[in-house]
Amino acid sequence: MGRSGKLETACRDFEEDLVLYYYGEGSGAERSRVESHVKACSRCSRFLDDLRKLLPQMARPEELPQSFWDNYYREMVGKLAVHRERSTWWRSFFAPMRLWVVPAFGTAAIAVLAVALVLGKGGWSFQSNRSQQNIPSEILTDAKQLEFFNSMDMLESLHVLETLDSTKTESRTSQSS
Amino acid sequence: MSPEDLPDEELVALCQNGEGRYFEVLVRRYMEKAFRIALDFTHNTEEAKDLSQDAFLRAFSRIKQFDGRSSFYTWFYRLVVNLCLDHTRRKGRVVWERLEREADNPSDSVELTDNTSMPDEEAIAGEAKRRADLTLKAMPNKQRTAFLLRNHQGLSISDIAKVMKTTEGTVRVYLHRAVAALRQSLVEFV
């Protein structure tokens, strides 16, 4: 068994850099900064040694026989073939339609729109008559009242008309004299 | 030039133009890596095979969506890792129950079932592996992913950042934390 007791940590400012150094990351300047520190610091040196001993062991992959990979590949090709077959069937179902479906749909949409416009125009007047017929008598009374109020407005502006009329008469008199 | 010699980008372009059979070259090229990542997450050969094959099927059906902004392998690794993380989340509860059982009774663990006949070194290596697996499983998903992609798959920090859709600084932090945790749990085996 290895060492026991309290775990010695690396210098706080260097621990992350040591991990990156181990993995070969970092710029040249960063790496030489870590190297010169490790030479002088036993704690960081030991930390780096630990990483060198522990981490490669963990990455060691389990060896699998070639037959496993052959089988894997064969299965995968089979699954891809099924997938392609399905998508081909789906496409072939829609493929004949694709040539005519867009223009046909467009023409149909225009035709429907034209019919709706023609019928809609006739239907509008019919509907407006019908809507007048359906108006309750209280509201129709109100409409009559509205006409009455409009004529009252005209009466109120009668003096303006009279002023205009008198101005015209005066101008005619001055022209004739 | 045989299809095996074509770079990923050309194979992807051929697949995007309806030449789906070229995807099989990408399968051959990446099947081992995809399987290994899945195995690192699942520790189960059958599950790893299913997950990695699902990732290939997903990549094949989405190949037209691949826009070439990242490399194919970064894009594909992301699919594999996401499937593995989804799988881990789904199975999380079961895994934790098993871990607790193993922690209570280490002799239940697969690696140590037959350790009476093992030489000392092998037994220690088995115990170290079991401890490392437990530590990895107990880690937050992002730390574990960063560690596995760097330590087991050899991806660069920059590629891991692309796979995990995060910054390189964040990946460095994840990696440091993961390594520090593993060292702490394994130092007695050094």
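Chain A is the first sequence line, chain B the second, and so forth, proteins listed ahead of strands; every chain is numbered from 1.
Within the model, atoms CG of A/L20 and CG of B/L175 stand 6.5 Å from one another, a figure rounded to the nearest 0.5 Å. Taken to the nearest 0.5 Å, the CD atom of A/E15 stands 7.0 Å off from the CZ atom of B/R183.
Residues B/S61 and A/H83 share a closest heavy-atom pair of CB-NE2, 3.3 Å.
With chain A as the partner, the residue from B/R177, B/H176, B/R21 showing the most heavy-atom pairs under 4.5 Å is B/H176. Counting heavy-atom pairs closer than 4.5 Å to chain B, the top-ranked of the candidates A/Q57, A/K79, A/E25 is A/E25.
Within residues 64-75 of chain A, the residues having any heavy atom closer than 4.5 Å to a heavy atom of chain B are A/L64, A/F68, A/W69, A/N71, A/Y72, A/Y73, A/E75, listed by residue number.
Using a 4.5 Å cut-off between heavy atoms, B/S158 does not touch chain A at all. Residue contact with chain B, scored on non-hydrogen atoms closer than 4.5 Å, involves the side chain of A/L51 exclusively. When heavy atoms are compared at a cutoff of 4.5 Å, B/E32 approaches chain A by way of both its backbone and its side chain. For a residue to count as touching a neighbouring chain, one of its non-hydrogen atoms must lie under 4.5 Å from one of that chain's; by this rule B/L148 does not touch chain A. Of the atoms belonging to B/R172, heavy atoms from both backbone and side chain fall under 4.5 Å from chain A.
Side chains of B/I157 and A/Y23 form no contact here, defined as non-hydrogen atoms less than 4.5 Å apart. The shortest distance between side-chain heavy atoms of B/F147 and A/L55 falls below 4.5 Å. Contact annotation: the side chain of A/M58 approaches that of B/L136 to within less than 4.5 Å [non-hydrogen atoms, C-beta and beyond]. The shortest distance between side-chain heavy atoms of A/L80 and B/F60 falls below 4.5 Å. Counting heavy atoms from C-beta outward, B/L182 and A/L54 have side chains that stay 4.5 Å or more apart.
Note on A/Y22 and A/V19: same hydrophobic cluster, where clusters join Ile, Leu, Val, Met, Phe, Trp and Tyr whose side-chain heavy atoms are under 4.5 Å apart, directly or indirectly. When hydrophobic clusters are built by joining Ile, Leu, Val, Met, Phe, Trp and Tyr residues whose side-chain heavy atoms come closer than 4.5 Å, directly or via intermediates, B/Y30 is grouped together with B/L155. By the rule that hydrophobic residues join a cluster once side-chain heavy atoms approach within less than 4.5 Å of another member, A/V38 and B/V179 end up as members of one cluster. Clustering ILVMFWY residues whenever any of their side-chain heavy atoms sit less than 4.5 angstrom apart, transitively, puts B/V81 in a cluster other than the one holding B/V173. Taking hydrophobic clusters as Ile, Leu, Val, Met, Phe, Trp and Tyr residues chained together by side-chain heavy-atom distances below 4.5 Å, B/W75 does not share a cluster with B/L51.
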